[in-house]
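Structure first, commentary second.
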Amino acid sequence: MNSAERLQEIRQNIAKWRKKSSASAKEVTLVAVSKTHGSEDIIPLIEAGQKVFGENRVQEAAEKWPAIREKYPDVELHLIGSLQTNKVREALALFDAIHTVDRESLVDAIIKESKRKGMRCKRFFIQVNTGEEPQKSGVLPKDFPKLMEYIKLATCHLPLNTFSITGLMCVPPADVEPAPHFALLHTMAQQYKLAHLSMGMSGDYETAIRLGSTHVRIGTALFGERKL
Ligand SMILES: *Cc1c(COP(=O)(O)O)cnc(C)c1O
């Protein structure tokens, strides 16, 4: 199969699994994770109708995407990897959505930069470290209410839509059953009335959709093995 055929198959899977999900009313966005792949791999997918792409590194995205976007201005780009505060300005100009807000210092940097012109990014997710893994980014579930409160206080005096959280994202630990992690994220989002859930990758997007995912982030199943 080529990538356009794999895209077709993944879209069919998403539609099928969404019908079976308890949260079937929601739309599921396929985020095509193009990290390590060049425009020769990306453009055939755009031509096949894929609109939303994800990258995990600001630098790599800045090298690849401006040229692609000049030709395909409708394409949306999401940051799914961790963000350093010194890359915030660049990230806000490059990405339409950031899935990895996870600490107060990053919130501060985003708010500071969002007062400037040239901010493209309009949607933000909080990454939650549901597995409480020390090496992984994301706010711990027990610290999540504090971060939400911090954001509320930091944004209450700003014009609406300057910076608002629309959803939660998680990457469950490898080699464990992901369902409890997705279920936890779903519960947290409901408590805070957040509409979006970024969860599910190549190996577990069926489970994620069953548990209410609105954004699946799929790399390998679409592009094949990563390069490098
Ligand atoms: C690489 C990556 C993905 C895609 O993983 P696959 O298993 O290749 O589908 C999803 N989410 C994040 C955060 C990633 O870094």
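Order of appearance sets the numbers: ligands from 1, and atoms from 1 within every ligand.
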Heavy-atom closest pair, residues T36 and K64: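 Nearest pair, atom of T36 first, then K64: N-NZ, 3.9 Å.
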
Have a look at R57, K35, H215, Q127 and point out the one with the heavy atom closest to atom 3 (C) of ligand 1. K35

If you have a sec, work out which protein heavy atom is nearest [atom] and how many Å separate them, to one decimal?
| atom | value |
| --- | --- |
| atom 10 (C) of ligand 1 | M201 SD, 3.3 Å |
| atom 11 (N) of ligand 1 | R217 NE, 2.9 Å |
| atom 9 (O) of ligand 1 | S202 OG, 2.5 Å |

Pull out every atom of ligand 1 sitting under 4.0 Å from any heavy atom of T220, numbered as shown with elements.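 Matching atoms, with element in brackets: 6 (P), 7 (O), 8 (O), 9 (O).
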
State the atoms of ligand 1, each with its element, that fall below the 4.0 Å cut-off from a heavy-atom position in I218. 9 (O)

Under the criterion side chain to side chain contact (heavy atoms under 4.5 Å, CB included), I'd like the reasoning laid out for N13 against Y205: C-alpha separation, chi angles, the key distance, then a yes or no. CA-CA 9 Å; N13 285 340; Y205 68 106; 3.1 Å; yes

Would you say ligand 1 has an N or O under 3.5 Å from any N or O of I80? no

Would you mind telling me which of I151, D102, T166 makes a side-chain contact (heavy atoms from CB on, under 4.5 Å) with I126?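 Of all the options given, the one that passes is I151.
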
How does R226 reach ligand 1, if at all, at less than 4.0 Å between non-hydrogen atoms: by side chain, backbone, both, or neither?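 Near ligand 1, R226 shows its side chain, while the N, CA, C and O stay back.
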
Would you please indicate yes or no on a ring centroid separation below 6.0 angstrom for H215 and F125? yes

Any Lys/Arg nitrogen of R120 or D96 sitting under 4.0 Å from an Asp/Glu carboxylate oxygen of the other?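 Yes, R120 and D96 are salt-bridged.
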
R89/E113 ion pair, N-O < 4.0 Å: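 E113 and R89: salt-bridged.
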
